[in-house]
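Only heavy atoms go into these numbers, but all of them, side chains included; no hydrogens, no water, no symmetry mates. Remember, it's a predicted structure, so these values are computed and weren't measured experimentally.
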Amino acid sequence: MIQFLILGLLKKKPGAYGYELLTDMESQYYAFFVNFTKGSFYYNLQQLAEKALIEKVADDVPDKREKNRYQLTAAGITAFEQQFAHYGRQNKPITFPFYTPLLFTDQVAPEQMDKLLKSQIEQTQAKIRAIDAALANPADLQPMFIKMMTNSKRHHEVNLEWLQEQLENQ
């Protein structure tokens, strides 16, 4: 998925430096959808270059942190279109590791279950706050991102209501 994001960003912004792409991923809150680090980003950037899906465009400016800009190759454009269709067709169930222990709540002390639910409530509230923070400046965000995050927030709110109900019914 990181490679798809890089291809998409380069389609939008041909000739960008790697750090520009990484900054865009961070500032556009891509971490809400894909786990990535600086290291995984640069590893995937290198992999795309090795696959000849992107190519380096030398930059002769001497005082730059990074010397290479990148652009999509013809194969990269094709790969972007294929991955767009591939990921767009997927509709996998959302799974939370948290739900698996719930299958065995009758095997633990009620205090353990309370602690687990309270932890999930706190984490869900933190996710909602993070989404609110991301949506605080909507003029800086893509319209589809705003719709996605609004939908995601609603899912978290429903989960929060359910978790609180479970806690009350302990």
Side-chain angles (χ1 to χ4, degrees), residues 1-101 119-120 122-157 159:
M1 182 67 78
I2 295 171
Q3 290 186 7
F4 173 64
L5 294 175
I6 294 170
L7 292 172
L9 286 170
L10 281 173
K11 191 159 173 54
K12 279 183 163 183
K13 201 173 188 177
Y17 293 98
Y19 72 88
E20 284 181 274
L21 300 173
L22 180 59
T23 300
D24 287 349
M25 287 174 64
E26 293 169 344
S27 68
Q28 292 296 312
Y29 303 98
Y30 286 14
F32 278 110
F33 308 105
V34 177
N35 291 326
F36 65 90
T37 63
K38 184 177 179 181
S40 65
F41 169 82
Y42 280 105
Y43 171 79
N44 281 282
L45 191 67
Q46 178 184 0
Q47 293 296 304
L48 288 169
E50 289 176 10
K51 293 177 187 176
L53 299 179
I54 64 173
E55 61 188 1
K56 293 179 182 180
V57 179
D59 192 353
D60 297 330
V61 179
D63 292 334
K64 291 280 185 177
R65 272 182 26 200
E66 195 170 321
K67 302 290 183 217
N68 296 306
R69 295 179 291 123
Y70 296 90
Q71 64 186 20
L72 293 175
T73 62
I77 293 169
T78 300
F80 169 79
E81 292 168 357
Q82 290 171 342
Q83 289 180 26
F84 181 88
H86 171 74
Y87 289 122
R89 284 191 304 268
Q90 291 185 14
N91 191 359
K92 295 181 180 183
I94 297 172
T95 58
F96 298 110
F98 161 72
Y99 288 130
T100 305
S119 170
Q120 287 298 317
E122 289 172 13
Q123 291 178 60
T124 303
Q125 289 169 331
K127 288 177 185 177
I128 292 169
R129 285 191 303 272
I131 291 169
D132 284 339
L135 295 173
N137 295 313
D140 299 338
L141 303 172
Q142 297 176 27
M144 185 54 73
F145 176 82
I146 295 169
K147 291 177 185 178
M148 291 166 34
M149 294 311 295
T150 302
N151 187 49
S152 181
K153 179 181 176 184
R154 184 65 192 128
H155 282 278
H156 289 304
E157 290 170 339
N159 281 341

Atom pair [atom1]/[atom2] of [X] and [Y] - distance to nearest 0.5 Å:
{"X": "I128", "Y": "E157", "atom1": "CD1", "atom2": "CD", "value": "5.0 Å"}
{"X": "Q46", "Y": "I54", "atom1": "CD", "atom2": "CD1", "value": "10.0 Å"}
{"X": "K13", "Y": "E20", "atom1": "NZ", "atom2": "CD", "value": "4.5 Å"}
{"X": "K127", "Y": "N159", "atom1": "NZ", "atom2": "CG", "value": "8.0 Å"}
{"X": "Q90", "Y": "M1", "atom1": "CD", "atom2": "CE", "value": "6.5 Å"}
{"X": "R129", "Y": "T124", "atom1": "CZ", "atom2": "OG1", "value": "10.5 Å"}

Between K56 and Y70, does a side chain to side chain contact (heavy atoms under 4.5 Å, CB included) hold up when you go through it step by step?
-> CA-CA 5 Å; K56 293 179 182 180; Y70 296 90; 3.4 Å; yes

So, for [X] and [Y], which heavy atoms are closest and what is the spacing to 0.1 Å?
{"X": "I146", "Y": "L135", "result": "CA-CD2, 4.0 Å"}
{"X": "A16", "Y": "L21", "result": "CB-CD2, 3.7 Å"}
{"X": "A75", "Y": "A52", "result": "CB-O, 4.0 Å"}
{"X": "I77", "Y": "K11", "result": "CG2-NZ, 4.4 Å"}
{"X": "I131", "Y": "M149", "result": "CG1-CE, 3.3 Å"}

With S152 as reference, evaluate M148, H156, R154 under the side chain to side chain contact (heavy atoms under 4.5 Å, CB included) test and give the passing residue.
->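 That would be H156; it is the only one of M148, H156, R154 passing the side chain to side chain contact (heavy atoms under 4.5 Å, CB included) with S152.
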
Any side-chain heavy-atom pair from [X] and [Y] closer than 4.5 angstrom?
{"X": "K38", "Y": "Y19", "answer": "no"}
{"X": "I6", "Y": "F36", "answer": "no"}
{"X": "F33", "Y": "M25", "answer": "no"}

Would L10 and F80 count as a side chain to side chain contact (heavy atoms under 4.5 Å, CB included) if you check the C-alpha gap in whole Å, the side-chain angles of each, and the deciding distance to 0.1 Å?
-> CA-CA 10 Å; L10 281 173; F80 169 79; over 6 Å; no

Evaluate the criterion side chain to side chain contact (heavy atoms under 4.5 Å, CB included) for residue pair Y43 and I2; output intermediate values, then yes/no.
-> CA-CA 10 Å; Y43 171 79; I2 295 171; over 6 Å; no

Is a donor on one side and an acceptor on the other found under 3.5 Å between the side chain of T73 and the backbone of E55?
->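 Checking the backbone N and O of E55 against the side chain of T73, no donor-acceptor pair under 3.5 Å is found.
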
Check: F4 ring centre within less than 6.0 Å of Y87 ring centre |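 Yes, the ring centres sit under 6.0 Å apart.
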
Got more than 12 heavy atoms from elsewhere within 6.0 Å of CG, N151?
-> yes

More than 12 foreign heavy atoms under 6.0 Å from CZ of F84: is that the case here?
->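 Not buried by this count: 12 neighbours or fewer within 6.0 Å.
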
Give the C-alpha distance, both sets of side-chain angles, the deciding distance and a yes or no for side chain to side chain contact (heavy atoms under 4.5 Å, CB included) between L141 and N137.
-> CA-CA 7 Å; L141 303 172; N137 295 313; over 6 Å; no

Would you call the rings of F145 and Y29 parallel, tilted or perpendicular if under 30° counts as parallel and over 60° as perpendicular?
->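 Parallel, since the angle between the ring planes stays under 30°.
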
Are S119 and Q123 linked by a side-chain donor-acceptor pair shorter than 3.5 Å?
->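 Q123 and S119 do have a side-chain donor-acceptor pair below 3.5 Å.
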
